[in-house]
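Worth knowing before you read on, the calculation uses all heavy atoms, side chains too, and leaves out hydrogens, waters and symmetry mates.
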Amino acid sequence: MSRLPTGGRVDRGRTLRFTFDGEQYTGHPGDTLASALLAAGRIEAGPSVHRGRPRGVLTAGTTEPNAMVQVVGDCPEPMLPATAVELVDGLAAESLSGVGWLGSAPDSAVHDKKYVHADVVVVGAGPAGIAAALAAGRSGARVVLVEQDRALGGALLDGGERVDGRPASEWINRAVREFVEMPEVRVLTRATAVGLHDQNYLLVAERRERDSVRARLWHIRAGRVVLATGAHERPMVFADNDRPGIMLASAVRTYLNRFAVLPGTEAVVCTTSDSAYLTALDLVAAGARVHALVDTRPSPPPRLAARVREAGVDVHPGSAVVGTTGDRRLASARVAGIDESGAITGGVREIACDLLAVCGGWSPAVHLHGQAGGKLRWDRIVAGFVPDGGVAGSKVIGAARGTYDLAGCLAQGFAAGAEAATAGGFRVAAPPVPPVDGDRPATAPRPLWIVPGETGDPSSWRNHFVDLQRDSTVADVWRSVGAGMRSVEHVKRYTTIGTGSDQGATSSVNAIGVLAEALSSGSPGAVGTTTFRPPANPVSFAVLAGRDRGALHDPVRTTPMHSWHVRAGAVFEDVGQWKRARYYPLDGEDMDTAVERECRAARGGVAMMDATTLGKIEIAGPDAATFLNRVYTNAFAKLPVGKARYGMMCGADGMVLDDGVSLRLAEDRYLMTTTTGNAAKVMDWLEEWLQTEWPHLAVHCTSVTEQWATIAVAGPDSRTVVGRMAPALDVSAEAFGFMEFRETVLHNGIPARICRISFSGELAYEINVASWYGLAVWEAVAEAGADLDITPYGTETMHVLRAEKGFVIVGQDTDGTVTPHDLGMDWVVSKRKDFVGRRSFARPDTAREDRKQLVGLLPVDPAERLPEGAQLVAPGAPAEPPVPMLGHVTSSYRSAALGRTFALALVADGRRRIGEVLHAPVGDRTIAAVVTRPVFYDEGGARRDGRQPS
């Protein structure tokens, strides 16, 4: 192995220094770690993961199963293929045996995400992909071309083809220049499409070694996708096919032509198809001695065979390599004739060599097509699985569909690019296909799934390796069949074939072929393939996370009035991602004192609260009313425009999911509010039903939580304050009823939507304005109520006020096992319409009379506060466990209005226990409490309308 004196695509004018396993090496810009090591004579990559056998570089790309390395340094990265690690000065790496490690120090590298839309995305920049991107780009469409290598061209970078009378490299360079001049074309190199999801949603992982950002994950929504992902060359399965020095024939060409590296000087080439003949010719041109070209086909293509023989290479038709010898690397290949059944005929010839270039055929890279739901069929002529039909919005072209001739790839690329652009509204004709020279012939291959061992004894199959990374062999496949496995999915899991970092790129089809022979099922098509799942190539968690880590992992959300709350000395609590003011202590006040003062203001005067964090979802469309009727337990279809209604939402199991008030803005538009912590969950729930169960409903859901700032004004004097804020609005009880809303303009010219909604039980209003007006309107409300001593109150006071009225908070007074009936809210459950969860109410369990029900608790000692979460037991319960638990405390507060403590609880058969005394064991003492109804204050609701209780 050595660096050739000329050629390649490396920058010989610069030298890069690196270390591998502690030894110093040099290379050049343009090298990979693997090519630099091969140039330096380093053939062995590391021992195999299970059996410790020496292994060497097999491939020249991301499908490498052997040469996995650990990059060390400040930001260590494990399990990277040396064939895909670009060489940089100062690189330090170590060989691996299947196990890497992460550093203990925080990773300082930056990983980003990018979200874009494109009319056409082309994956793969070989000849077919370049042609597709050119055709689509010329239409003016937004085009993204994705290529995993650092240069465009694919297989054209390794050969001597000519396009339009010029070397293929010139055609590639012209295409690159044209892409640069197209303002709507974006070319991503070092970028791997790792997932193709529904509706052409692509995930692309981009490496950015020379940028402040190490990697970027692109989320691309594409109108049309063209898959030009090429094909993977397969190894051959023969005895001891894993020795260092055995490489894929296409990888040998890559090292010769891209990196000017000669992987061996004494070579043998073994192939099942035409492509490896070009490898033999390239090796001879590079100065290597090629002792034999071994072809499994009894009648090799005459033209290619003649060229190889003219170069001084013996051609062995109807033969195969049946074994190898060597210690730490390859020493010889053993060659024998094979008959039509694949059995060895005649004697075995041993040929000394340090390089064995093998080609077991080509497998179209159909992983993205499969991820998108595309079907596959076995093509006997191609000897590979190819797309069977298409997937809406995407098309597979070139080698990815079994087309291996250059002219055919260009024709398919130009046609697919033009078709994709035209389908997106950018009409363009496919360009004419230029003449090509040096094209790959198309003689049918002869795959051999198992090359028999010399002894004919199946026990020798223990060294016929199918998956090099997993050390899985033909013997493992046979053992799985003997254990009763028949499905390829079962065999995959039994043998672990295809579960390595290369996702079976070099092993899966061979394994399917071996399984077909073990089952005597004929062809691999009768066995089928395993399921293609993203990511198609390994993606680090750091790339998936991007900047969503540390302080940014769970972003802090604040309302537009947050700065005012800070200046007012508010103490905050986290509710979901929101910072909410919990209470506003004055000098010398603790929380209890501050909350008592805030409660008195809300009950006796006027108080204001920032309610911006409530979830808000617009439900729009002709079927909006039908949709709400189905997701809420009560009816919304006949709610008049301008009115609001409280609604409860249940899961399919009939348990309370969320609640809130919805406003009917128009015949086809509602505004739904949710609890602060459940906003995202409810949005997801609504979308799930619309997308999976009722896709026929014409409804769109849009989260508008951040678009609205909400100020609750509560208390007997709230009408006065709101009247001052909205002088054009009649806020009298007669003109503005409970659960109604009005659109108006505030005294300072700001448009607002004012609702008469009360979560405190007092006369109350909610002023909703665009979020950018939130702070200004908050300050205006404070000013309008200054002479009435308006008081800001926080979430703790809100909890006290609502609990006094027996209003529940989902997630605090419910726990996923509570129905509306358990809460005593039968009135909110319609008996005439269907809704999500209704059927579950007929289950015997939900109809049990002894279910836990919401009740109130009044401690016998009015000064004692029950801890929230405290378990409740009957008097006289045993002191030693197990102790029968009757329920638990869900909410517990001290009330200024009641002049005592009180609580809400879920208690078994609670409504029948009203008047009983229950005990709450707390540490070494017990708190006694009387079970009551859950409404403690103004049970008739007179204060809600500004009246005094009768």
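What you find for A400 and A365 is that their closest heavy atoms are CB-O, 4.0 Å. In plain terms, the two heavy atoms of P127 and G153 that are nearest each other are CD-O, 3.7 Å. When all heavy atoms of V146 and A191 are compared, the pair lying nearest together is CG1-O, 3.5 Å. Contact detail for S48 and S97: the closest heavy-atom pair is O-OG, 3.2 Å. Residue P387 comes nearest to V366 through the heavy atom pair CD-CG1, 4.0 Å, listed as atom of the first residue, atom of the second, then distance. In plain terms, the two heavy atoms of S508 and Q503 that are nearest each other are OG-O, 4.2 Å.
A salt bridge links E77 with R214: the distance from a Lys NZ or Arg NE/NH1/NH2 to an Asp or Glu carboxylate oxygen falls below 4.0 Å. Salt-bridge annotation for D684 and K681: absent, with no side-chain N of the basic residue lying under 4.0 Å from a carboxylate O of the acidic one. Note on D548 versus K113: salt bridge recorded, some NZ/NE/NH1/NH2 to OD/OE distance being below 4.0 Å. Using a cut-off of 4.0 Å between Lys/Arg side-chain N and Asp/Glu carboxylate O, R547 and D112 are scored as salt-bridged. Salt bridge K114/E206: absent, no basic N to carboxylate O contact under 4.0 Å.
Considering OG1 of T473 and CH2 of W478, their distance stands at 11.0 Å, rounded to 0.5 Å. Expressed to the nearest 0.5 Å, how far CG of L156 lies from CG of L410 amounts to 7.5 Å. To the nearest 0.5 Å, atoms OG1 (T83) and CD (E64) are separated by 4.5 Å. Taking CG of L248 as the start and CG of L356 as the end, the distance is 10.5 Å to the nearest 0.5 Å. Expressed to the nearest 0.5 Å, how far OG1 of T192 lies from CG of D149 amounts to 8.5 Å. A distance of 12.0 Å separates CD1 in I512 from CG in L519, rounded to the nearest 0.5 Å.
Side-chain contact between H232 and T506: absent, with no pair of heavy atoms (C-beta onward) separated by less than 4.5 Å. With contacts defined as side-chain heavy-atom distances shorter than 4.5 Å, the pair N510/W449 qualifies. Considering only heavy atoms from C-beta on, R380 stays 4.5 Å or farther from S523 through its side chain. Considering only heavy atoms from C-beta on, W362 stays 4.5 Å or farther from V382 through its side chain. With a 4.5 Å cut-off on side-chain heavy atoms, F627 and L686 count as touching. For the pair I246/V358, a side-chain contact is recorded, criterion being any heavy-atom separation below 4.5 Å from C-beta on. L102 is listed as a side-chain neighbour of P78, based on a closest heavy-atom distance under 4.5 Å. For the pair V466/V474, a side-chain contact is recorded, criterion being any heavy-atom separation below 4.5 Å from C-beta on.
Y255 places a side-chain N or O within donor-acceptor distance of the main-chain N or O of T59, the cut-off being under 3.5 Å. The closest donor-acceptor contact from the side chain of Q371 to the backbone of H197 lies at 3.5 Å or more, if one exists at all. Of the possible polar contacts, one joining the H369 side chain to the K375 backbone as a donor-acceptor pair under 3.5 Å is found. Of the possible donor and acceptor atoms, one in the side chain of E489 sits under 3.5 Å from a partner among the backbone N and O of T531. In this structure, the side chain of R446 engages the main chain of T296 through a donor-acceptor pair within 3.5 Å. Not a single donor-acceptor pair under 3.5 Å links the side chain of H111 to the backbone N or O of L544. A distance-only check finds a donor-acceptor pair linking the side chain of R207 to the backbone of Q148 [under 3.5 Å]. Formation of a donor-acceptor pair under 3.5 Å by the R51 side chain with backbone atoms of D471 is not found in this model. Listed for the R470 side chain is a donor-acceptor partner under 3.5 Å among the backbone atoms of T499. Side chain of R53 to main chain of D240: no donor-acceptor pair is present (N/O by atom type, distance under 3.5 Å, no hydrogens or angles).
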### Task
With side-chain contact (heavy atoms from CB on, under 4.5 Å) as the test, would you mind laying out the steps for L203 and W218 before giving the verdict?
CA-CA 6 Å; L203 289 182; W218 292 76; over 6 Å; no
### Query
Could you walk me through whether D274 and R297 pass the salt bridge (charged side-chain N to carboxylate O under 4.0 Å, His left out) check?
CA-CA 10 Å; D274 295 345; R297 298 170 295 184; 2.7 Å; yes
### Query
Can you list the steps and then say if S250 with S275 is a side-chain contact (heavy atoms from CB on, under 4.5 Å)?
CA-CA 8 Å; S250 62; S275 59; over 6 Å; no
### Task
Would you check, one step at a time, whether the test side-chain contact (heavy atoms from CB on, under 4.5 Å) holds for V631 with W694?
CA-CA 11 Å; V631 297; W694 308 319; 4.0 Å; yes
#### Entry: R142/V116 under side-chain contact (heavy atoms from CB on, under 4.5 Å): CA gap, chis, key distance, verdict
CA-CA 10 Å; R142 295 172 298 175; V116 298; over 6 Å; no
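For E340, the CD atom is loosely surrounded, since the number of other residues' heavy atoms within 6.0 Å does not exceed 12. The number of heavy-atom neighbours closer than 6.0 Å to CZ of R377, taken from other residues, nucleotides and ligands shown, is above 12. Applying the 6.0 Å contact sphere to NE2 of H50 captures more than 12 heavy atoms from other residues, nucleotides or ligands. Other residues, nucleotides and ligands contribute only 12 or fewer heavy atoms inside 6.0 Å of the NE2 atom of H490. The 12-atom threshold is not exceeded at NE2 of H553, counting heavy atoms of other residues, nucleotides or ligands nearer than 6.0 Å. The 12-atom threshold is exceeded at CZ of R221, counting heavy atoms of other residues, nucleotides or ligands nearer than 6.0 Å.
Between F385 and W378, the ring planes are perpendicular. Angles over 60° get that label, and only those under 30° would be called parallel.
With respect to V123, the side-chain contact (heavy atoms from CB on, under 4.5 Å) criterion is satisfied by exactly one of V226, L202, V204, L145: L202.
Judged by distance alone, the side chains of D158 and T254 do bring a donor and an acceptor atom under 3.5 Å apart. One side chain, Q412 or T403, offers a donor N or O that lies under 3.5 Å from an acceptor on the other. One side chain, R243 or T324, offers a donor N or O that lies under 3.5 Å from an acceptor on the other. Residues R234 and S363 have side chains that bring a donor and an acceptor to within less than 3.5 angstrom of each other.
Listed by first and then second residue, the salt bridge (Lys or Arg N to Asp or Glu O under 4.0 Å) pairs that reach into residues 497-525 come to none, sequence neighbours excluded.
Taking the six-membered ring for Trp and the full ring otherwise, F532 and H367 have centroids separated by 6.0 Å or more.
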